Structure formats: C-alpha cells, structure tokens
Amino acid sequence: MAEVQEHDSGKKKKGAQKKMTIRVDFTPMVDMNMLLITFFMLCTTMIKSQTLQLTLPTNEKVQKEQQNQAKKSEALTLILDTEYTDNNLPKTDEATGKTVHNVYWFAGLPDTTFQTNLLAKESFMGDTKENGVKVQQGIRKILREQNKDVMTNYDELKAQWKNREISKETFDSLAKKNAADSTLTRPVVIIKPGPNTTYEALINALDEMQINQIARYSIQLPTHTDTLLLENYQQRTGETVIRPTVRKSVVY
Amino acid sequence: MGKVKIKKKSTFIDMTAMSDVTVLLLTFFMLTSTFLQKEPTIVYTPSSVSEEKVPVSNLVTILISSADKGKVPEGKDATEAEGKIFISFSGGMDSTQVAPVIRGKMLDEALKVYNAQAKDSKKIALTDAQKKVFQETNMLGTSFEYLPELLSKSLTEIDKEQGDMYNPNTGIPIDGNKDKNGHLNDFQIWCRAIYTVSKELHDNMATDMGLTVDEAKTLGDLYNAITKDGTGIAIKADKDTPFTTVETVFDNLQTMSLNKFSLMTALTSEEEAAPAKH
C-alpha cells in the first residue's frame, strides 16, 4: 500500500529497465500518533463526576408551629463518627482499605435516664450475597427494617423494571411516589455528624437514605443530649467513643 | 532435485494499516475530549450511588481544599491548607451566554455589593485590564481586599499563587454570618452576585423571547438550575475533609437562600456503596 512503483530511467548496465519500489516508512508517523493518543487519553475526562442532590432548609426563622416535628415512633437518629490515627489522618481498615466510620443509632426520642432507646454501634457496609440472595448488612439493614413498607413496594417495582414490564422513567416516578407515600409507615432520619466526622461519612449516610428510599431526613449538629448518650455508651461498653476533636474546626 | 532456495525476506512491516487505526483513535479522542478544568488544588471526591451527572454548562462549582497530603512546608501544619474556598463558573452552551461575559457581570455585581457595605478606605475599583484577567481565569479564591493586587499579576503568577494553600491570601473568606441582610462575608457576596446576575439574565432572556413568567420557567438557564433543580451549584470537597468545614459552606449557602445544591461524588455500586480504596 505504501509503495510507489517507479520506472528507473535505466542508466545502469545492460540498459535493462529495473523496477524500483519506493516505500514510505510509516513507523515514525505511528509513533507520533501514539504519543498524541496518549496525550489525549490522559487529558480527557471520560468518566464524568456524579452529583448528589441535597436540599437544606433555609436559615430564616420558622415559626414553631410550622416546624415539622418528627413523631416519636418514626424518629431514627444516626450519630456519625470517623476514627483518626495518631498522625491526624482518617484511620483506614487494614482489610478493606476503607476509612473507619462508626454510626451510633437509636430509634425514637433520646432517653436521658438511660433506660430505653440506648445507642447501638453500626457501620456502613455494602451488601453481600448468601445463596444468591442479596443480604444487607450494617446500618443499611437497620434502615431497611425501619422503612420496610416502602422497601417492599420498591423491590416489587424494581423487579418489574428489571423484567422490562415498566420503563425506567415509570420506575423512577413510581419509586419517588412510593418513597413519599404518607399512608405507609416511614421513618424520619436525623443525621448528626459528630465533630470528628469526615465529608465522606456524610455522603455515605446520604447514600444510605437513597438506597433505602428514605424521603425524610435532616442533617443536624449533635446536641448535649447526644453527648450524654455517647457517654453512656462508653460506660456500658468500655470503648472509647468520645475522643478529642483532632482537626481544626472552622471558627464560627 | 532442485536446490532448496532460501528466499530472502524483507523485514519491512507495512505500517499503513497501523497508522490508519491510530489516526482514527486520535480523531475519536480529540472529538470526545473535554479538557480537565484547571483547579488550584486536587480533591478526591467521595463515592456515592447517585447516578446524576454533573451538568456541563451553567454550573457554579465551589471547591473546598483538603488538608495537604503532600509535602508540608516546615513549621506548617497540614490542616492549615484545609478549607480554602474557590468559586468557578462555566457558562451556558448557548453562544449568547459566554462564560467570560457572565463572569465579568458577576464580578461587577460582586464589587457593587462589596463596595456598598465596605468602609471608604476599603472600597476597591478594578481597571479593565484587571477585569479581563478575572474573566480569563477559571477558578479564583481570594478576598476582595486582595483582588486588585492579585489581578495585576500575570496568569502564570496567579496560578502559582492560587495553588499555594498556605498563602494567607488564598481562599475566599467565610464566616458564620447568618444575616442575609446584614454585613455579608466575601463568600456570601459572591453568592448574592451569582444569584442576581443569573436572575437578570433569566429575566432578560424571557423578555427578549417574549415569554410569560410561566413559560420562562422552562428555560434551561443558571437561574432555574440554582433555584429550582439544585443542579446549578456543586460543592466539590475531598472525602477526608472534616464535616465542620463543609458545614460552614452549607450554612452560608443556606443563609443566602441558595439551599438547593448538589455534592460532587464519584460513582460506586450499591454492593460496595462504601468508601473507595485509598
């Protein structure tokens, strides 16, 4: 292909015409192209970042009556915490290489007499498979249990979508409706990131809300009551839960 | 019986086909590539199951720097580099809304708000050349007071200075002001400017096209993105950034009534749905 046949003018011995082939060596061209490809491959962002939508309430003063008070039976509080190493860096789990985030949770209202609704410790864990069936673990299992009315419907919808009975759009809108269905028993989750929490822990918690189709949740800062509950947990289990704030916090 | 002739074979490999392939690949990459926007610092976003894509246009990105994981200068603490705030804006796909133009408008608006509340000695004015430099930079994070000095420098110098997280002039100042009508901090001034400019553009576009208020709502512009869908403002923070740092930004946005926004994440599956490996 890259050859051009040319007739020699035949000034050589015997006067015979000799066919000469001119070959163009494409190797440097390929080399250069490869370099360019490498450059473009490294410079491009093929995978686009994802986003997570978040709507927070305004800071404007809201009247007491207008405030949504979570019902005692529906409330579920998650207190987040990230463990740090002595080097002031988030601690990673050696087996998985993931940052260690703890979730302390209780259902209902906090009980400062420490009789009921005590804190329990969980962590963010992905799903596993047991005999081919998806099994939830960690905090996801608890949230799923709390939101089981919605999740049962959601799983049905998902199965319909997987079997191509409904389109993705229909599935999305039905799932949204289902998550917001006030006739079902749905929890109100209060996410409380502690002073040592990293941004990742918050994203993990918001992710769990999405996975478990929890439509009502809020992000709040921990209160004194939460500290008391953590202290109680510390006394009960002997674990060190309350650690000094290791990172500088932003001055308010 | 004839002799076995050993044919001399040329080792020349025809590279034409190879060249064709590489050119095709090259064309593909050139056409599909969108260049990484230059950012003053690198952050590793946490992973999430959310599948919503970051919009290409009409996006205000708020970057929050993370603690320095590289070489820390002597006598400095790695966390000092944390929590510096930068704002960038990428314009609409529509050719009438070119990003630098809107950026220029935002700057004018922000200066107006700043000068209205600043003391006489602290009021600032920018020359056209300085404004031009601002329009050309993708992402900036500095106080208004330092802005004239920074914008007098060349683009390379600005890049270098903005990339230094230990520089006290790097990052937009932010504090806990909760009064929308009170003395705004620099970050809130930018928020106000972004809101005002996007609303102005939205209203102008609606009148230009002769649309009613209801019809105008469907315009896919920044104003709708920040007030309605929450896709207009994206917060980009490192996964190891303390929540308190991010919370300050949330709080300031809430104060400015920009309480719908998105958080930039990387995709993960539900099975994993937990932090990615380091």
Side-chain angles (χ1 to χ4, degrees), chain A residues 1-2 23 25-27 29-30 33-34 36-37 40-41 43-60 80 88-90 92 96-99 101 124-127 193 195-204 206-208 210-211 219 221 247-252, chain B residues 12 14-16 18-19 22-23 25-26 29-30 32-36 45-46 48-54 78-79 82-83 175-176 178 230-231 234 237-248 250-251 254-255 257 259-267 270-275 277-278:
Chain A
M1 276 192 281
R23 298 190 113 175
D25 190 1
F26 271 102
T27 327
M29 170 89 166
V30 171
N33 280 349
M34 282 297 187
L36 280 172
I37 290 174
F40 276 101
M41 274 175 77
C43 285
T44 53
T45 39
M46 291 292 273
I47 305 162
K48 292 215 57 195
S49 291
Q50 260 64 34
T51 59
L52 189 72
Q53 296 292 334
L54 185 64
T55 305
L56 295 174
T58 53
N59 267 1
E60 278 156 37
L80 309 181
N88 211 357
L89 287 168
T92 47
T96 56
K98 290 169 181 172
T99 313
H101 300 297
F124 294 111
M125 280 167 102
D127 300 337
N196 281 342
T197 319
T198 63
Y199 179 54
E200 188 181 57
L202 174 74
I203 298 285
N204 282 349
L206 293 174
D207 251 11
E208 294 301 328
Q210 197 177 339
I211 293 168
I219 302 168
L221 292 177
R247 305 288 274 270
K248 74 159 184 192
S249 58
V250 176
V251 186
Y252 277 92
Chain B
F12 196 94
D14 190 10
M15 279 289 180
T16 327
M18 179 79 167
S19 168
T22 52
V23 168
L25 272 173
L26 188 58
F29 278 108
M30 276 175 79
T32 53
S33 67
T34 43
F35 283 96
L36 283 173
T45 51
S48 145
V49 292
S50 176
E51 284 173 9
E52 279 171 73
K53 293 266 186 293
V54 176
T79 51
E82 197 165 67
D175 62 27
K178 282 184 196 290
T231 51
D238 195 90
K239 59 194 176 64
D240 289 341
T241 302
F243 172 72
T244 42
T245 310
V246 185
E247 212 272 335
T248 318
F250 284 3
D251 193 55
Q254 278 174 287
T255 303
S257 304
N259 48 333
K260 278 183 182 177
F261 47 84
S262 41
L263 309 171
M264 275 207 198
T265 54
L267 191 66
E270 226 169 276
E271 280 67 36
E272 283 175 47
K277 282 192 176 176
H278 278 256

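Reminder, nothing fancy here: chain letters follow the sequence lines and each chain counts from 1. Bear in mind that the values here come from a model prediction, so they are computed numbers and not experimental data.
- Both the backbone and the side chain of A:Gln53 have a heavy atom closer than 4.5 Å to some heavy atom of chain B.
- Donor-acceptor pairing under 3.5 Å is lacking for the side chains of B:Asp240 and A:Thr198.
- Heavy-atom minimum distance, A:Leu56 versus B:Gln254: CB-NE2, 3.6 Å.
- Across A:Leu52, A:Asn33, A:Val30, A:Thr55, the residue that shares the most heavy-atom pairs under 4.5 angstrom with chain B is A:Leu52.
- With a 4.5 angstrom heavy-atom cutoff, A:Leu36 touches chain B via backbone and side-chain atoms both.
- For B:Ser19, the parts lying under 4.5 angstrom from a heavy atom of chain A are both the backbone and the side chain.
- For the set B:Met264, B:Met15, B:Met18, the entry with the most heavy-atom pairs within less than 4.5 Å of chain A is B:Met15.
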Verdict with supporting geometry, B:Phe243 and A:Ile219, side chain to side chain contact (heavy atoms under 4.5 Å, CB included): CA-CA 11 Å; B:Phe243 172 72; A:Ile219 302 168; 3.9 Å; yes

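- For A:Leu54, the parts lying under 4.5 angstrom from a heavy atom of chain B are both the backbone and the side chain.
- Within the 4.5 angstrom heavy-atom criterion, no atom of A:Leu80 approaches chain B.
- Classified by interplanar angle (parallel below 30°, tilted 30° to 60°, perpendicular above 60°), the ring pair A:His101/A:Phe124 is perpendicular.
- At least one donor-acceptor pair closer than 3.5 Å links the side chain of B:Ser50 to the backbone N or O of A:Thr51.
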B:Asp238 and A:Tyr199: CA distance, side-chain angles, deciding distance, side chain to side chain contact (heavy atoms under 4.5 Å, CB included) verdict: CA-CA 7 Å; B:Asp238 195 90; A:Tyr199 179 54; over 6 Å; no

